[in-house]
2 protein chains.
Amino acid sequence: MPKLQQIHRMDNIHRLFFKAFSNQTRLEIIQLLKKKPLTVTEICYKTGFEQSRVSHNLRCLEHCGFVKITQNGNSRVYTLDEETIVPIVNLFEKHIQKYKLRLENCWVIKDV
Amino acid sequence: MPKLQQIHRMDNIHRLFFKAFSNQTRLEIIQLLKKKPLTVTEICYKTGFEQSRVSHNLRCLEHCGFVKITQNGNSRVYTLDEETIVPIVNLFEKHIQKYKLRLENCWVIKDV
DNA sequence: TAGGCATATGATAAAATTATCATATAGATT
DNA sequence: AATCTATATGATAATTTTATCATATGCCTA
């Protein structure tokens with residue numbers, strides 16, 4: 001018998017995809033890749049983040065389908081899947097403009 | 001070298017809004033409120049979550065502008081801001097359908 | 001095939017998030 | 001006012017997430 005799973009239109013999987021966006025490292029990487037594809041080394045240089053930190057987080061982004069990898073010599077070029085990411089981010093824009101100030105009182109914030 | 005801070009169209013504020021979605025308690029509450037407005041007690045009953053857990057998380061959702069409160073007697077009715085939330089979630093749908101399986105190999109997942 | 005880059009991976013320490021417990025506040029009812 | 005019900009809040013424990021360190025793997029060129 002297969003594991004019964006309730007069908008929610010919006011289930012836990014959603015949470016995991018949102019989580020991919022909710023972390024500073026990954027979000028900065030996404031920002032950079034919005035401009036153009038980059039190798040791991042380039043991302044490290046531009047962000048100042050350590051290499052393994054970048055690699056670990058890229059792996060997550062790849063599993064989530066947010067980035068695609070192509071090999072180029074001995075380096076790997078990461079490309080953003082713009083088709084899905086950009087619209088999601090843009091949708092947030094509108095909401096954010098409106099509520100950004102109230103966010104200051106939200107307990108999930110520690111650093112703004 | 002001075003730490004130059006670039007102006008990004010997509011900054012840390014985004015991360016915080018995404019974070020509001022990336023937690024199970026809040027996501028379940030959002031799911032419920034998609035159907036109809038509810039009081040804290042009703043949310044507790046339907047989810048099985050403890051009252052203070054629900055209240056704390058509702059506060060976060062309120063600061064983020066995801067829900068609105070109206071007083072009714074001595075209880076408070078929480079209503080989802082459908083105009084912003086529903087489109088965001090729907091946008092995720094499409095992406096999720098496509099990549100859900102790959103997510104199983106992602107290290108941010110502990111529970112699926 | 002040896003050595004040098006580039007990237008990936010695993011284990012664990014460090015940090016951040018979340019739930020819980022105890023208690024406080026607010027409105028309603030007697 | 002006393003008390004009941006509903007909700008909120010603060011402090012802290014528990015859990016989860018994240019970064020770091022050490023090391024491994026893979027591709028290239030001499």
Undergrad: Side-chain N or O of A/N74 less than 4.0 angstrom from OP1 or OP2 on C/dG4?
TA: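 For C/dG4, OP1/OP2 do not have a side-chain N/O of A/N74 under 4.0 Å.
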
Undergrad: Cation over ring, B/R15 on B/F18, under 6.0 Å and within 45°?
TA: no

Undergrad: How would you label the contact of A/S75 with the nucleic acid (heavy atoms, under 4.0 Å): base, sugar-phosphate, or nothing?
TA: sugar-phosphate

Undergrad: Nearest heavy atom decides the nucleotide; on that basis, is B/T41 or A/N72 closer to the 5' end of DNA chain D?
TA: B/T41

Undergrad: Do the side-chain N or O atoms of A/Y78 get closer than 4.0 angstrom to the phosphate oxygens (OP1, OP2) of C/dA8?
TA: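 True: A/Y78 side-chain N/O within range (under 4.0 Å) of C/dA8 OP1/OP2.
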
Undergrad: Taking only side-chain nitrogens and oxygens of B/N23, does any of them come within less than 4.0 Å of OP1 or OP2 of C/dT17?
TA: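 No, B/N23 has no side-chain N/O under 4.0 Å of OP1/OP2 on C/dT17.
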
Undergrad: Less than 6.0 angstrom separating the ring centers of A/F21 and A/F66, yes or no?
TA: yes

Undergrad: Going by atom types alone, do B/R53 and B/T25 pair a side-chain donor with an acceptor below 3.5 Å?
TA: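 There is such a pair (donor and acceptor under 3.5 Å, judged by atom type) between the side chains of B/R53 and B/T25.
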
Undergrad: Rounding to an integer number of Å, can you tell me how far B/E62 CD sits from D/dT7 P?
TA: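 In whole Å, D/dT7 P lies 15 Å from B/E62 CD.
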
Undergrad: Between A/R59 and C/dA8, is there a contact of a side-chain N or O with OP1 or OP2 at under 4.0 Å?
TA: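 No.
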
Undergrad: Would you mind classifying the nucleic acid contact of A/R53 as base, sugar-phosphate or nothing, using non-hydrogen atoms under 4.0 angstrom?
TA: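 Base, at least one base heavy atom under 4.0 Å.
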
Undergrad: Select one nucleotide: of C/dT7, D/dT20, D/dA11, the one nearest the side-chain heavy atoms of B/H56.
TA: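 Comparing C/dT7, D/dT20, D/dA11 against the side chain of B/H56, the answer is D/dA11.
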
Undergrad: Report yes if a side-chain nitrogen or oxygen of B/N57 is closer than 4.0 Å to either non-bridging phosphate oxygen (OP1 or OP2) of C/dT18; otherwise report no.
TA: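 Negative; the distance criterion is not met.
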
Undergrad: Does the side chain of A/L80 come within less than 4.5 Å of A/L32's, by heavy atoms?
TA: no

Undergrad: Take atom CD1 of A/I43 and atom P of C/dA6, then tell me their distance rounded to the nearest Å.
TA: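 In whole Å, C/dA6 P and A/I43 CD1 are 14 Å from each other.
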
Undergrad: In this structure, how many angstroms lie between the P atom of C/dT18 and the NZ atom of B/K19, rounded?
TA: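 Atom-to-atom, B/K19 to C/dT18, this comes out as 7 Å.
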
Undergrad: Does a side-chain N or O from A/R76 land closer than 4.0 Å to OP1 or OP2 of C/dA8, or not?
TA: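 Checking C/dA8 against A/R76, a side-chain N or O does come within under 4.0 Å of OP1 or OP2.
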
Undergrad: Let me spell it out: for each of B/V77 and A/R26, pick the nucleotide of DNA chain D with the closest heavy atom. Which residue's pick is nearer the 5' end?
TA: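 So the residue in question is B/V77.
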
Undergrad: What is the distance, rounded to the nearest whole Å, between atom CG of B/L16 and atom P of C/dT17?
TA: 9 Å

Undergrad: Roughly, in whole Å, what's the span from CD in B/Q24 to P in C/dT18?
TA: 11 Å

Undergrad: Does B/T25 place a side-chain N or O at less than 4.0 Å from the phosphate oxygens OP1/OP2 of C/dT18?
TA: no

Undergrad: Rounded to the nearest angstrom, tell me the gap between atom CD in A/E50 and atom C1' in D/dC21.
TA: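 Those two atoms, CD and C1', are 7 Å apart.
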
Undergrad: Kindly indicate whether the side chain of A/V77, heavy atoms from C-beta on, has any atom under 4.5 Å from the side chain of A/L38.
TA: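 A/V77 does not reach A/L38 side chain to side chain.
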
Undergrad: Between the base of C/dA8 and the side chain of A/Q51, is there a donor and acceptor pair under 3.5 angstrom?
TA: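 Yes, the side chain and the base share a sub-3.5 Å donor-acceptor pair.
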
Undergrad: Between atom CD in A/Q71 and atom C1' in D/dC28, what is the gap in whole Å?
TA: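 A/Q71 atom CD is separated from D/dC28 atom C1' by 11 Å.
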
Undergrad: Rounding to an integer number of Å, can you tell me how far B/F49 CZ sits from C/dT18 P?
TA: 13 Å

Undergrad: Donor-acceptor pair, B/N23 side chain versus B/R26 backbone, under 3.5 Å?
TA: yes

